[in-house]
K.L.:
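Quick one: this structure, given as structure tokens, is what I'll be asking you about.
These numbers were taken from a predicted model, which means no experiment stands behind them.
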Amino acid sequence: QVQLVESGGGLVQAGGSLRLSCAASGSIKSINVMRWYRQAPGKQRELVATITRGGVTNYVDSVKGRFVISRDDAQNTVSLQMVSLKPEDTAVYYCQAGIVAVTSLFERAYWGQGTQVTVSS
């Protein structure tokens with residue numbers, strides 16, 4: 001079984017920082033693209049940041065210059081460093097990864113359970 005587990009969410013004042021982490025575990029053959037999404041109350045889930053196996057990154061415009069996504073393939077982890085946080089960053093943050101399990105020939109998307117980030121003004 002493959003699972004993703006996030007950690008690092010919490011309550012922070014505007015202008016503060018948080019670091020989210022997501023660890024993949026289980027019978028993993030390979031991990032391709034890793035992503036962070038977020039979903040604020042009453043809004044659709046939004047893609048925040050992407051990182052490929054080669055380390056190419058991409059961000060939604062609203063977080064450029066403030067968030068940095070990184071990965072450690074030896075540890076099967078992906079992180080999201082967030083600085084200069086704003087109240088509008090408040091959301092549940094989810095990691096997602098394209099993973100080929102040992103028992104499978106094909107990649108599928110796996111999701112973490114989500115971690116709450118709350119930014120107070």
K.L.:
Can you list everything that forms a salt bridge (charged side-chain N to carboxylate O under 4.0 Å, His left out) with Lys43? Sequence neighbours excluded, please.
P.N.:
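Salt bridge (charged side-chain N to carboxylate O under 4.0 Å, His left out) list for Lys43, sorted by chain: empty.
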
K.L.:
Give me each pair satisfying ring-ring contact (aromatic ring centres under 6.0 Å, His included) with a member in residues 50-100, each pair once, sequence neighbours excluded.
P.N.:
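Found none.
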
K.L.:
Who are the salt bridge (charged side-chain N to carboxylate O under 4.0 Å, His left out) partners of Glu46, not counting sequence neighbours?
P.N.:
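If we apply the salt bridge (charged side-chain N to carboxylate O under 4.0 Å, His left out) test to Glu46, skipping adjacent residues, the hits are Arg38.
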
K.L.:
Under 3.5 Å, side chain of Ser104 to main-chain N/O of Ala101, donor-acceptor pair present?
P.N.:
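No, because the side chain of Ser104 does not come within donor-acceptor range (under 3.5 Å) of the backbone of Ala101.
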
K.L.:
Got a sec, which pairs hit disulfide (SG to SG under 2.5 Å) with one end in residues 22-99, sequence neighbours left out?
P.N.:
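Listed by first then second residue: Cys22-Cys95.
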
K.L.:
Checking Ser17 side chain against Val83 main chain: does a donor-acceptor pair fall under 3.5 Å?
P.N.:
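Pair absent, no side-chain N/O of Ser17 close to backbone of Val83.
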
K.L.:
Does the side chain of Thr118 come within less than 4.5 Å of Val12's, by heavy atoms?
P.N.:
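A side-chain contact is absent here, since even the closest heavy-atom pair is not under 4.5 Å.
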
K.L.:
Apply side-chain contact (heavy atoms from CB on, under 4.5 Å) to Gln13 and list each qualifying residue two or more places apart in sequence or on a separate chain.
P.N.:
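Partners of Gln13 under the side-chain contact (heavy atoms from CB on, under 4.5 Å) test: Ser120.
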
K.L.:
Which residues pass the side-chain contact (heavy atoms from CB on, under 4.5 Å) test with Ser7, not counting sequence neighbours?
P.N.:
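Ser7 satisfies side-chain contact (heavy atoms from CB on, under 4.5 Å) with Ser21 once adjacent residues are dropped.
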
K.L.:
Just list the side-chain donor-acceptor pairs under 3.5 Å for residues 49-57, sequence neighbours left out, or say none.
P.N.:
from	atom 1	to	atom 2	distance (Å)
Thr52	OG1	Gly54	N	3.3
Thr52	OG1	Gly55	N	3.3
Thr52	OG1	Val56	N	3.0
Arg53	NE	Ile31	O	3.4

K.L.:
Tell me which pairs pass ring-ring contact (aromatic ring centres under 6.0 Å, His included) where either residue lies in residues 16-45, with sequence neighbours left out.
P.N.:
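Passing the test, one end in residues 16-45: Tyr37-Trp111.
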
K.L.:
May I ask you to say whether Lys86 pairs ionically with Asp89, meaning some side-chain N is under 4.0 Å from a carboxylate O?
P.N.:
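Not counted as a salt bridge, because no side-chain N and carboxylate O are separated by less than 4.0 Å.
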
K.L.:
Identify, with sequence neighbours excluded, every residue that meets side chain to side chain donor-acceptor pair (under 3.5 Å) alongside Arg108.
P.N.:
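Side chain to side chain donor-acceptor pair (under 3.5 Å) check on Arg108 returns nothing, list empty.
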
K.L.:
Name all residues meeting the salt bridge (charged side-chain N to carboxylate O under 4.0 Å, His left out) criterion together with Arg71; count only those two or more places apart in sequence or in a different chain, and write none if there are none.
P.N.:
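Listed in chain order: Asp73.
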
K.L.:
Under the disulfide (SG to SG under 2.5 Å) rule, what pairs show up with a residue in residues 49-92, not counting sequence neighbours?
P.N.:
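Those involving residues 49-92 do not exist here.
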
K.L.:
The criterion is side-chain contact (heavy atoms from CB on, under 4.5 Å); which residues satisfy it with Ser25, sequence neighbours excluded?
P.N.:
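Checked Ser25 against side-chain contact (heavy atoms from CB on, under 4.5 Å); matches are Gln3.
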
